[in-house]
Peer 1: 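Structure incoming, see below.
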There are 4 protein chains.
Amino acid sequence: MDFDNGLPIYIQILNLLKIKMATGEIKEGDKLPSVRDMATELKVNPNTISRSYTELEKEDLIYTQRGMGTFVTEDIEKLKALKKKMATKKIHKFILEMKELGFTKEELSRDILELKMEED
Amino acid sequence: MDFDNGLPIYIQILNLLKIKMATGEIKEGDKLPSVRDMATELKVNPNTISRSYTELEKEDLIYTQRGMGTFVTEDIEKLKALKKKMATKKIHKFILEMKELGFTKEELSRDILELKMEED
Amino acid sequence: MDFDNGLPIYIQILNLLKIKMATGEIKEGDKLPSVRDMATELKVNPNTISRSYTELEKEDLIYTQRGMGTFVTEDIEKLKALKKKMATKKIHKFILEMKELGFTKEELSRDILELKMEED
Amino acid sequence: MDFDNGLPIYIQILNLLKIKMATGEIKEGDKLPSVRDMATELKVNPNTISRSYTELEKEDLIYTQRGMGTFVTEDIEKLKALKKKMATKKIHKFILEMKELGFTKEELSRDILELKMEED
DNA sequence: GTGGTCTAGACCACA
DNA sequence: GTGGTCTAGACCACC
């Protein structure tokens, strides 16, 4: 796992966790690794992990129990909403940017399918 | 024109110019506004505009003639390539991210078309 | 009963007991539930209850008889004083904070009455 | 200025700034001291100030201009709303807590006025 | 053991 | 000069 790109490390970790929650790789109620464990595993300072967790907690996606650890929200609806929210946000942004470049949605729809052919 | 979001202002301006070049709103050989003019127009520090121009010059998309000003490249192929390059880059990034969220290209292709219906 | 907010759980429980003593819901000489019973009832670690009791004992509001359990003080004056102490402390803090915000006591006195109208 | 009490320093500073904004001691558009300046002035680590600023920015009460500094929101309505919000929140909390102790609003209203007599 | 806070000092991008 | 991020290491309260 690299953190080369320009984004802050704590954001990259936070996004990683969000994706895992959205795809169900991490489920409701699951215990997240302790701040220290995750820090050593990712070779990052504990403060950095702590910050990722704090941000996620502000979004009500995880919660902490004092002295017990950090857990994914029990509210499965939040996790479902997360996936949908992340997806539509990305799609809208994509279409907006491509429109600026002069693409219509039909072209995009077709290009994406064709791209599939090339890559597979 | 706001520069509220997280991106550096010089990047936002740079992208704006790129899009104008890609869509033909600015054509090969066109003269760009002087650093100072553009700075006052966008209410931005001249250094910021200067940096945008410098970056574009590094990409051979514009060039400066001392005492004359800054101009878009005469090489029309570069501009055509620009559009294609920007588009494919965005598309690849988009598909990659959506795959992480568990979407297939077929779903994306369909979703984009459906999205069209809702919005039009 | 939730313990979501920022306050330490043992403080919340301690305050709860204090209020019950101040309002007479728990009376002088009453036996308190055992640490273990209260812990299971409130779904909390026994250590936490233990700490609440210890703190109350330091304030001479309760006492323990080895092998018998934990009891509210027999000194009825202490309980009366408790109510007054808690009240004046809260009032002073409140007025201090509201003064910082630029409110006079007259305004507060009036606002509280008006607030009553709205809520009843 | 002491930071003795239990609250995190960054919260205390944050609250201080809020009060100054609510009372108009700091006005819309005002430039706040730089992170470093305020840190040396309050004899606190710059990170701590930074955190206070970050939290206030999340509440849209201040904003930062890259490389320029940190400023109070231009939106005067936000500042007015702040005062009202802080006040009602404190009042409600106060009344709630006093009700638990068995006080009616009429008693509170009277007690606050009487308290005035004592203190002046 | 857990997370939360704070300090000290560093580097970076931005204007 | 500005704020943003990160590391290193420490202390604390809580469970």
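Throughout, a chain's letter reflects where its sequence line sits, starting with A, and its residues are numbered from 1. Quantities reported herein were computed from a predicted structural model and do not represent experimental measurements.
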Peer 1: From E/dA15, E/dG4, E/dC6, pick the nucleotide closest to the side chain of B/Asn45?
Peer 2: E/dA15

Peer 1: Report the distance from atom CG of C/Leu42 to atom C1' of F/dC15, rounded to the nearest whole Å.
Peer 2: 15 Å

Peer 1: Is A/Lys20 salt-bridged to B/Glu100, going by a charged N under 4.0 Å from an acidic O?
Peer 2: no

Peer 1: With respect to the side chain of D/Pro8, which nucleotide from F/dT2, E/dT5, F/dC15 is positioned closest?
Peer 2: E/dT5

Peer 1: Go through the N and O atoms of the side chain of A/Asn47 and the base of E/dG4, and report whether any donor-acceptor pair is under 3.5 Å.
Peer 2: no

Peer 1: Less than 4.0 angstrom between a side-chain N/O of C/Tyr10 and OP1 or OP2 of F/dC15, yes or no?
Peer 2: no

Peer 1: To the nearest Å, how far apart are B/Leu14 CG and E/dA13 P?
Peer 2: 16 Å

Peer 1: Just how far, in rounded Å, is P of F/dC14 from OH of A/Tyr63?
Peer 2: 20 Å

Peer 1: Output yes when at least one side-chain N/O atom of D/Thr48 is less than 4.0 Å from OP1 or OP2 of E/dT7, else no.
Peer 2: yes

Peer 1: Rounded to the nearest angstrom, tell me the gap between atom CD1 in D/Ile49 and atom C1' in E/dT7.
Peer 2: 13 Å

Peer 1: D/Met68 has a side chain; which of F/dT2, F/dC15, E/dA15 sits nearest to it?
Peer 2: E/dA15

Peer 1: Select from C/Ile11 and A/Ile11 the residue whose nearest nucleotide in DNA chain F is closer to the 5' end of that strand.
Peer 2: A/Ile11

Peer 1: With distance as the sole test, does A/Gln12 use its side chain to make a donor-acceptor pair with the main-chain N or O of A/Leu7 at under 3.5 Å?
Peer 2: yes

Peer 1: F/dT2 phosphate, OP1 or OP2: any side-chain N/O from D/Thr70 under 4.0 angstrom?
Peer 2: no

Peer 1: For the pair A/Thr73 (side chain) and A/Asp75 (backbone), establish whether a donor and an acceptor sit closer than 3.5 Å, ignoring hydrogens and angles.
Peer 2: yes

Peer 1: Where each residue is assigned the nucleotide of DNA chain E containing its nearest heavy atom, which of D/Lys43 and D/Gln65 is assigned the position nearer the 5′ end?
Peer 2: D/Lys43

Peer 1: Is the shortest distance from a Lys or Arg side-chain nitrogen in A/Lys18 or A/Glu59 to a carboxylate oxygen in the other one below 4.0 Å?
Peer 2: yes

Peer 1: One pair to check against side-chain contact (heavy atoms from CB on, under 4.5 Å): B/Val72 and B/Leu17. What are the steps and the verdict?
Peer 2: CA-CA 10 Å; B/Val72 177; B/Leu17 291 172; over 6 Å; no

Peer 1: How long is the line joining CD of C/Gln12 and C1' of F/dC14, in whole Å?
Peer 2: 12 Å

Peer 1: Between E/dA15, E/dT5, F/dC6, spot the one nearest the side chain of D/Arg66, thanks.
Peer 2: E/dA15

Peer 1: Establish, with yes or no, whether the OP1 or OP2 oxygen of F/dG3 is under 4.0 angstrom from a side-chain nitrogen or oxygen of D/Thr64.
Peer 2: no

Peer 1: Which sits closer to the 5' end of DNA chain F, A/Arg51 or D/Asp37, going by the nucleotide each is nearest to?
Peer 2: D/Asp37

Peer 1: What's the CD-P distance between A/Glu57 and E/dG4, to the nearest Å?
Peer 2: 6 Å

Peer 1: Using whole Å, report how far OH of D/Tyr53 lies from P of F/dG4.
Peer 2: 11 Å

Peer 1: Could you please name the partner base of E/dC14, counting Watson-Crick and G-U wobble pairs only when both distances are under 3.5 Å?
Peer 2: F/dG1

Peer 1: From the options F/dT7, E/dG3, F/dG4, select the nucleotide whose nearest atom is closest to the side chain of D/Arg36.
Peer 2: F/dG4

Peer 1: Rounding to an integer number of Å, can you tell me how far C/Ile9 CD1 sits from E/dG4 P?
Peer 2: 14 Å

